[in-house]
Amino acid sequence: MKNYTDLIDKLNLIPHPEGGYYRRNWQSLLSGDIKDSTQKVLFNSRSIGSSIIYLLPSSEVSAWHRISCDEMWHFYEGSPLKIYTLNAQKGYEEMTLGCDISAGQIPQIIIHRQTWYAAETLEPNSHTLCGCTLWPSFTYADFEMADIAKLKDEFPRFTAQIDHIAKRSK
């Protein structure tokens, strides 16, 4: 199925606020208080995990955003996906989600909570089909789109990288 619109229809995907298309396909029936390593409760009585199917056409980007959950991206098919991250500990990083291990691609990528990130499909006229699993379960209360000016103030050394995605997400 080369036409990504066929995948959108067959997988019943809807537009995602950050760009691309998605559908939640799992939410754990287990719940509990989610604690950090110091045993501080971060989430009270929350479902422990959820996942989505996500499709990003090369004509769009996943705009700069962050969430309060840890997230694992899984590659399924299509073009490799470049994921960009920004955080105070590591600064700027690039990773490629894909199956060509010898080319430096990784089939699963972890993005830790409160990390700013964005993504784009690498090959023109293509798409990336992947999945995202989140711990604890995602809610939109956890989701924050970046204010690009504030993001550049926080990470002034990486203005060009921030602008690369910001200009494509308009």
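We're numbering straight along the sequence, starting at 1.
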Novice: Nearest heavy-atom pair of S58 and N125: which atoms, and what distance?
Specialist: OG-N, 3.0 Å

Novice: Nearest heavy-atom pair of T128 and T121: which atoms, and what distance?
Specialist: OG1-OG1, 3.1 Å

Novice: If you apply the rule side-chain contact (heavy atoms from CB on, under 4.5 Å), what do you find for M72 with W135, and how did you get there?
Specialist: CA-CA 9 Å; M72 180 185 291; W135 298 274; 3.8 Å; yes

Novice: So, taking the atom named CD1 in I53 and the one named CZ in R23, what distance separates them when rounded to the nearest 0.5 Å?
Specialist: 4.5 Å

Novice: Is the shortest side-chain heavy-atom distance between T96 and I83 below 4.5 Å?
Specialist: no

Novice: Is the closest side-chain heavy-atom distance between D70 and L134 below 4.5 Å?
Specialist: no

Novice: For D36 and Q39, indicate whether the former's side chain and the latter's backbone hold a donor-acceptor pair under 3.5 Å.
Specialist: yes

Novice: Under the criterion side-chain hydrogen bond (donor to acceptor under 3.5 Å, both in side chains), I'd like the reasoning laid out for T133 against S51: C-alpha separation, chi angles, the key distance, then a yes or no.
Specialist: CA-CA 4 Å; T133 304; S51 66; 4.8 Å; no

Novice: Hydrophobic clusters here meaning ILVMFWY residues chained together by side-chain heavy-atom distances under 4.5 Å, can you tell me if L56 and I165 are in one?
Specialist: no

Novice: Could you pull out all residues at least two apart from H65 that satisfy ring pair (Phe, Tyr, Trp, His ring centres under 6.0 Å)?
Specialist: Y117, F143

Novice: Would you name the heavy atoms of Q105 and C99 that are closest together and state the gap between them?
Specialist: OE1-N, 3.2 Å

Novice: Grab the two heavy atoms, one from F158 and one from L86, that are nearest each other, plus how far apart they are.
Specialist: CD1-CD2, 3.8 Å

Novice: Starting at CD1 of I52, measure out to CG of N25 and round the result to the nearest 0.5 Å.
Specialist: 8.5 Å

Novice: If you define the side chain from C-beta out and look only at heavy atoms, does anything of I48 sit under 4.5 Å from S28?
Specialist: yes

Novice: What's the verdict on side-chain contact (heavy atoms from CB on, under 4.5 Å) for F75 and L81, showing C-alpha distance, side-chain angles and the deciding distance?
Specialist: CA-CA 8 Å; F75 183 80; L81 185 75; 5.6 Å; no

Novice: Side chains of Q89 and H112: do they bring a donor and an acceptor to under 3.5 Å?
Specialist: no

Novice: Hey, quick one: are L11 and Y76 part of the same hydrophobic cluster, counting side-chain heavy atoms closer than 4.5 Å, chains of contacts allowed?
Specialist: yes

Novice: Got a second to check how far S79's OG is from Y4's OH, nearest 0.5 Å?
Specialist: 13.5 Å

Novice: For a 4.5 angstrom cut-off between non-hydrogen side-chain atoms, does L7 reach H127?
Specialist: yes

Novice: Could you work out, with side-chain hydrogen bond (donor to acceptor under 3.5 Å, both in side chains) as the rule, every residue matching D100, not counting sequence neighbours?
Specialist: S102

Novice: How long is the gap from CG on N87 to OG1 on T115, to the nearest 0.5 Å?
Specialist: 4.5 Å

Novice: Could you tell me whether the side chains of S62 and E18 share a donor-acceptor contact shorter than 3.5 Å?
Specialist: yes

Novice: Mind listing the closest non-hydrogen atom pair of R113 and S68 along with its distance?
Specialist: NE-O, 3.1 Å

Novice: Kindly state each residue pair satisfying salt bridge (Lys or Arg N to Asp or Glu O under 4.0 Å) with at least one member in residues 42-69, sequence neighbours excluded.
Specialist: R46-D142, R66-E144

Novice: Please find out if less than 6.0 Å separates the ring center of W116 from that of Y84.
Specialist: no

Novice: Do I34 and Y140 belong to the same hydrophobic cluster, where Ile, Leu, Val, Met, Phe, Trp and Tyr are linked whenever their side-chain heavy atoms lie under 4.5 Å apart, directly or via other members?
Specialist: no

Novice: Does the plane of the ring in Y54 sit parallel, tilted or perpendicular to the ring in W73? Use 30° and 60° as the thresholds.
Specialist: perpendicular

Novice: Is any side-chain heavy atom of Q27 closer than 4.5 Å to one of S137?
Specialist: yes

Novice: Can a donor-acceptor pair be found between the side chains of K152 and T159 at a distance below 3.5 Å?
Specialist: no

Novice: Would a single hydrophobic cluster contain both Y22 and W64, if residues Ile, Leu, Val, Met, Phe, Trp and Tyr are joined by side-chain heavy-atom contacts under 4.5 Å?
Specialist: no

Novice: Return the minimal non-hydrogen interatomic distance between P57 and G20, and the atom names on each side.
Specialist: CD-CA, 4.2 Å

Novice: To the nearest 0.5 Å, what is the distance between SG (C130) and CG (L55)?
Specialist: 8.0 Å

Novice: Report yes or no: do I111 and Y92 belong to one cluster of Ile/Leu/Val/Met/Phe/Trp/Tyr joined by side chain heavy-atom distances under 4.5 Å?
Specialist: no

Novice: Is the number of heavy atoms from other residues, nucleotides or ligands under 6.0 Å of L29 CG greater than 12?
Specialist: no

Novice: For the side chain of S50 and the backbone of F138, is there at least one donor-acceptor N/O pair under 3.5 Å apart?
Specialist: yes

Novice: I'd like to check D153 versus L151 (side-chain heavy atoms, cut-off strictly below 4.5 Å). Are they in contact?
Specialist: no

Novice: List the steps, then state whether side-chain contact (heavy atoms from CB on, under 4.5 Å) holds for H164 with E120.
Specialist: CA-CA 10 Å; H164 171 74; E120 66 181 331; 2.6 Å; yes

Novice: Roughly how far, to the nearest 0.5 Å, is NZ of K35 from OG1 of T38?
Specialist: 10.0 Å

